[in-house]
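The structure appears right after this line, and notes come after that.
As the structure is a computational prediction, the values presented were derived from the model and not from experiment. Here is how names work: the chains are called A, B, and so on, in the same order as the sequence lines, proteins then strands, and each is numbered from 1. All values below come from the heavy atoms of this structure, side chains included, with hydrogens, waters and symmetry mates left out.
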Amino acid sequence: MEDDFDQTLDSNYGSSHDKVIVHLDADCFYAQVEMLKNPELRTLPLGVQQKNLLVTCNYVARQFGVKKCMLVSDAKRLCPSLILVKGEDLYDYRQMSTKMTLLLQKFSPLVEKLGLDENFVDVTQLVAETLKSDFAGSRNVEGHIYGDITSRCDCGCYERLCVGSQIASEMRKQLKEELGVTCCAGVAYNKLLAKLVCSTHKPNQQTTLFPAGVSDLMLNLNNVRSLPGIGHRTSEILQSLGISSIEQLQNINLELLEHALGRTLAERLKKLSVGADDMVVKPTGKPQSIGLEDGFRKISLESEVKDKCEVLLQRLMILLAEDGRIPGAIRVTVRKYDNSSRYSHRESRQCNIPSSLFLPKVGTLSSNAHNKLLTSIMKLFHKIIDISKPFHLTLLGVAFTKFQERNTGKGSITSFLVKDISVQSVMNFQNISLHGVEAMECSSSKNAGKQSGSTLNYADKSGSESEPEPSPKKTRADFWRGSRKRSLTESDKDSPNKHRSSELRLSTGEPINEVDFSKLSDGIQEELMESCMSLPSLTDKLGISDNSTPNTSMSIEDNFQTNASQKLWKRLGSNQGPQDQ
DNA sequence: CTGGATGAG
DNA sequence: CATTCTCATCCAG
C-alpha cells in the first residue's frame, strides 16, 4: 500500500502487449464527404461551416492557415477564395460513417466508433490467425514506425504489431477503394496508444508503435489536455495542482491526485500518463438516443418555438424510421441566453410516450401521432420555460430515447420493411418532385454512372449489429469481392441481386431529400405515411426472399475471420515475394 | 429514472 | 473559454 508504484508496474494493468488495436481516423472527414459529393471542390480550398463556425476544412485550405474551429470570418480573411459548404445537417456524414464502420467490421466484430470519423478495431484475433497460417516469418511494417525499435520486446508483440500494420494498410486501402475515403491509422497494443500514435503522421498515413517507443510518445505530448478523458474542466483542476505536462502527471503523488479528482479518475489518469490503458474495444451498437438540435441567435416567441420543434420533429421521424426501433421517451433541450457568460448551460425535460404512436398499425394516422408528439414537446418546453415572462433561447433540441427492442419473429420482419419503405418513399418522392439532381460521382471516381433506381443500403446496417436478421453471407461475399478483386465496380454491376450491398450513393442528394421533405412536409408526410401503411403491396417490390433467407447463421464470425486471414495472408504472400529472403 | 456536468469528434 | 451538432458516461438527487 505504501508502495504506490507496485500496482502500476506489477499487475500489468493495461500495459501487457497481448492485443493489437488499430485506430482509424478519417482525414478532415466532413470536408472529404463534401468533396466526394462534389469532386470539383477537390482542388479548391474548402471549408465546412456550421452556423458561424468552420468545423473543418480540406488540406488545400490549410495551406492558407485555415484551421478547425475557426470563425468563418477569420477563415475568409486568411483565405478569401475559401469555398464554404453548410454542414449543419449531419445526414451524409452519418451515412458515410456507417459505411466505414461496416467495412471495418469485416476484419473484426470488435469495432468501436468514436464520433463519426474515428474507429477502434481490435484485430488481435485476425492477427493470431494470420500468424498461425503464415509460417514463413519475414515481417515488415507497413507505414511509419514511431520511435526506436532497437530493443525488441520478447513477448511476441513485435510480430503481432507488424501484422497489425499490414491489416491497417489493407483497411485503409479498402476504405479508399470502396468508399473513396482517406484515413490515418495508428497501430499499438492498446486503445490509448493506437489513438495517440495515429495522429503523428497526417494526413493519409499510418504509424505503428512498439513498446520501445511508448515513453517517447507520451513525453512528447504537449500537455495533459492531450490525454483522452482530460477535458477543459479536469485540465483546470490539474492546473490548480500545478500539473500541466505529462511528466508532471506521471510524477505526482497518487493520493494527492485522488483528493482532487476522486479515486477512479485519478488512477485512470495515472496509468494513461505512462501509456497504460486496459479499456477494451466495445462494439458500437445502435445509439441510445437519436436527437436533433438547432442553434440560433434568438427565439423569444412560443410560436417560433413550436415551428422550430415541428421542423426538428419531422426530420427526426425520418431518422427514427431508418433506425427501425420504437422510442419510449422524448426529450426537449433548450439553451437560454446567458449574458453573464460563464459557460453554455442547457436544460432538458423528458417524458414517456406511448409506443402505440409508432406501431405500424393500419389505420393509425401519422398526422395524429405527429400532433401528439408535438403537443408533448410543447408541454416539456413549458416545464422549462415560463412563457408568462420574457425568454431568450439560443438552442432547441428534440431527442428520442428509451428504445424498445421489437418483437421477435414476424414483428421484426415487419419493422424491417417499415424501415425500408420509409426510405424508399422518400426516394420516390425525390424522383417525382426534384428532377435531375446532380450527376453522381461519389465514390471511387471511376464508376460515375451507377444506376440510380435501387434502394439505399440501410439494410446493411442491421446486418452486422445486434439483430440476427439478414444474411451474413453478404458480408462475407463483400469481403471476398472487395479483397480478391481489384475492381469492385465490375462485380457490383454484374450481380443483379446485389442491390442491398454497399454501394456508395452519397451524391444522390440525400440531404436534399431531407430538407425538401421537411419543407414540404404537409403534403409529403401523408404520402410517406400512406406508403408505410400499405405493407402488403410492398413485399413484392422489395424481394423479400433476398433478406429473409433462412440462413443458418452458425459461426459466421469464424467464417469471415478465417477468410479474412486467408485473404490477408494471400495478399501479403504475393506482395512480399521480392522482399523475402 | 431524471437531469446536469463533462468529454469525445 | 465556447463557438457547432451531436452522442456517451458518470453522478447526485
Side-chain angles (χ1 to χ4, degrees), chain A residues 23-33 47-57 67-75 84-94 97 100 112-120 184 191-192 195 198-199 224-237 239 261-265 268-269 272 279 282 284-297 312 315-316 319 323 328-338 340-352 380 383-384 394-403:
Chain A
H23 178 261
L24 293 117
D25 185 344
D27 305 322
C28 53
F29 183 56
Y30 292 2
Q32 262 205 279
V33 172
V48 179
Q49 69 172 329
Q50 287 172 337
K51 296 298 181 321
N52 213 14
L53 192 69
L54 194 90
V55 291
T56 194
C57 61
K67 299 229 168 85
K68 266 186 72 165
C69 289
M70 239 176 200
L71 290 178
V72 168
S73 47
D74 291 343
L84 291 167
V85 302
K86 300 272 191 192
E88 286 93 353
D89 189 330
L90 306 186
Y91 191 93
D92 289 345
Y93 313 138
R94 209 183 271 121
S97 179
M100 294 193 296
E112 178 181 344
K113 289 175 63 139
L114 188 59
L116 292 182
D117 64 330
E118 296 184 20
N119 287 278
F120 290 99
C184 287
K191 286 173 71 176
L192 195 233
K195 179 171 169 63
C198 180
S199 57
V224 292
R225 233 356 255 283
S226 313
L227 287 182
I230 301 186
H232 81 95
R233 197 62 235 221
T234 308
S235 179
E236 276 177 17
I237 297 174
Q239 196 76 15
L261 298 176
R263 193 168 159 78
T264 315
L265 187 55
R268 165 126 236 269
L269 294 190
L272 289 184
M279 295 298 289
K282 187 188 173 200
T284 301
K286 302 256 189 131
Q288 294 170 4
S289 71
I290 298 179
L292 293 173
E293 59 183 46
D294 190 9
F296 34 74
R297 293 291 276 193
L312 288 174
R315 283 215 291 147
L316 201 46
L319 297 182
D323 180 87
I330 190 167
R331 178 171 61 236
V332 170
T333 302
V334 309
R335 183 178 62 198
K336 295 170 178 166
Y337 177 76
D338 193 356
S340 61
S341 77
R342 233 22 233 163
Y343 57 92
S344 157
H345 189 239
R346 291 150 104 100
E347 290 176 60
S348 68
R349 296 290 184 275
Q350 66 181 254
C351 69
N352 293 340
L380 291 169
K383 284 190 179 186
I384 311 176
T394 62
L395 179 137
L396 274 169
V398 180
F400 286 117
T401 62
K402 295 204 223 172
F403 292 105

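- When the ring pair (Phe, Tyr, Trp, His ring centres under 6.0 Å) test is applied to Phe400(A), the partners found at least two apart in sequence or on another chain are Phe358(A).
- At whole-Å resolution of the value, CG in Leu116(A) and P in dC5(C) are 14 Å apart.
- Residue contacts shown for Glu293(A) include a base, since a base heavy atom lies under 4.0 Å away.
- Note: CG (Asp89(A)) to C1' (dT6(C)) measures 12 Å, nearest angstrom.
- Tyr337(A) places its OH atom 13 Å from the P atom of dT3(C), with the value rounded to the nearest Å.
- Using cut-offs of 30° and 60° on the angle between ring planes, the pair His23(A) and Phe120(A) is tilted.
- Remark: Lys51(A) pairs with Asp294(A) by the side-chain hydrogen bond (donor to acceptor under 3.5 Å, both in side chains) rule, at least two apart or across chains.
- Within 4.0 Å of Lys383(A), counting heavy atoms only, lies no atom of the nucleic acid at all.
- Among the protein residues, Gln49(A) comes within range of no part of the nucleic acid, since none of its heavy atoms lies under 4.0 Å from any strand.
- Listed by chain and number, the residues in a salt bridge (charged side-chain N to carboxylate O under 4.0 Å, His left out) with Arg346(A) are Glu293(A) (sequence neighbours excluded).
- Here the side chain of Glu112(A) pairs a donor or acceptor atom with the backbone of Lys282(A) at under 3.5 angstrom.
- When the nucleotides dT2(B), dT6(C), dT3(C) are ranked by their closest atom to the side chain of Lys402(A), dT2(B) comes out on top.
- Across all strands shown, Arg349(A) has heavy atoms under 4.0 Å from sugar-phosphate atoms exclusively, and none from any base.
- Using a 4.0 Å heavy-atom cutoff across all strands shown, Gly229(A) reaches sugar-phosphate atoms only and no base atom.
- The salt bridge (charged side-chain N to carboxylate O under 4.0 Å, His left out) check on Glu88(A) picks up nothing, with sequence neighbours excluded.
- Of the candidate nucleotides dT2(B), dC5(C), dG4(B), dT2(B) has the atom nearest to the side chain of Asn352(A).
- Among the atoms of the strands shown, none is found under 4.0 Å from any heavy atom of Ile384(A).
- Thr56(A) comes within 4.0 angstrom of nothing in the nucleic acid, heavy atoms only.
- Remark: Gln350(A) CD to Thr333(A) OG1 distance equals 9.5 Å, nearest 0.5 Å.
- Contact between the side-chain N/O atoms of Lys68(A) and the OP1/OP2 oxygens of dT4(C) is not found at any separation under 4.0 Å.
- Distances from the side chain of Asp294(A) to the nucleotides dT6(C), dA5(B), dC5(C) place dC5(C) closest.
- Here Arg335(A) does not reach the OP1 or OP2 of dA2(C): none of its side-chain N or O atoms lies under 4.0 Å away.
- Closest-nucleotide positions on DNA chain C for Arg225(A) and Glu88(A) were compared, and the one nearer the 5' end corresponds to Arg225(A).
- With Leu292(A) as the fixed residue, the side chain to side chain contact (heavy atoms under 4.5 Å, CB included) test singles out one of Asp89(A), Leu90(A), Leu316(A): Leu316(A).
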Exercise for review: Classify every nucleotide of nucleotides 8-13 of chain C by which part a protein heavy atom approaches to under 4.0 Å, writing B for the base, S for the sugar-phosphate alone and - for neither, in 5'-to-3' order.
Suggested key: SS----
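- For Arg233(A) and dG7(B), the CZ to P distance is 8 Å, given to the nearest whole Å.
- Using atom C1' as the reference point in both dC1(C) and dT6(B), the two lie 15 Å apart (nearest Å).
- For the pair Leu114(A) CG and dG7(B) C1', the interatomic distance rounds to 10 Å; values are reported in whole Å.
- Counting only heavy atoms from C-beta on, Gln50(A) has its side chain closest to dT4(C) among dT4(C), dC7(C), dT2(B).
- dT4(C) and dG3(B) have their C1' atoms separated by 22 Å, with the value rounded to a whole Å.
- Put simply, CG on Leu395(A) is 9 Å from P on dT3(C), counting in whole angstrom units.
- Residue His232(A) places no side-chain N or O under 4.0 Å from the OP1 or OP2 atom of dT6(B).
- Contacts of Lys68(A) classified as salt bridge (charged side-chain N to carboxylate O under 4.0 Å, His left out), with partners at least two apart in sequence or in another chain: none.
- Counting non-hydrogen atoms under 4.0 angstrom, Lys195(A) reaches the backbone sugars and phosphates but no base.
- Residue Lys51(A) places its side chain closer to dT4(C) than to any other of dT4(C), dT2(B), dT6(C).
- Between Thr234(A) and dG7(B), a side-chain N or O to OP1/OP2 separation shorter than 4.0 Å is present.
- The distance between atom CE of Met279(A) and atom C1' of dG7(B), rounded to the nearest whole Å, is 13 Å.
- Atoms CG (Asp338(A)) and P (dT3(C)) sit 10 Å apart, rounded to a whole Å.
- Closest approach to the Leu90(A) side chain among dC5(C), dC1(C), dG3(B) is made by dC5(C) (side chain taken as heavy atoms from C-beta onward).
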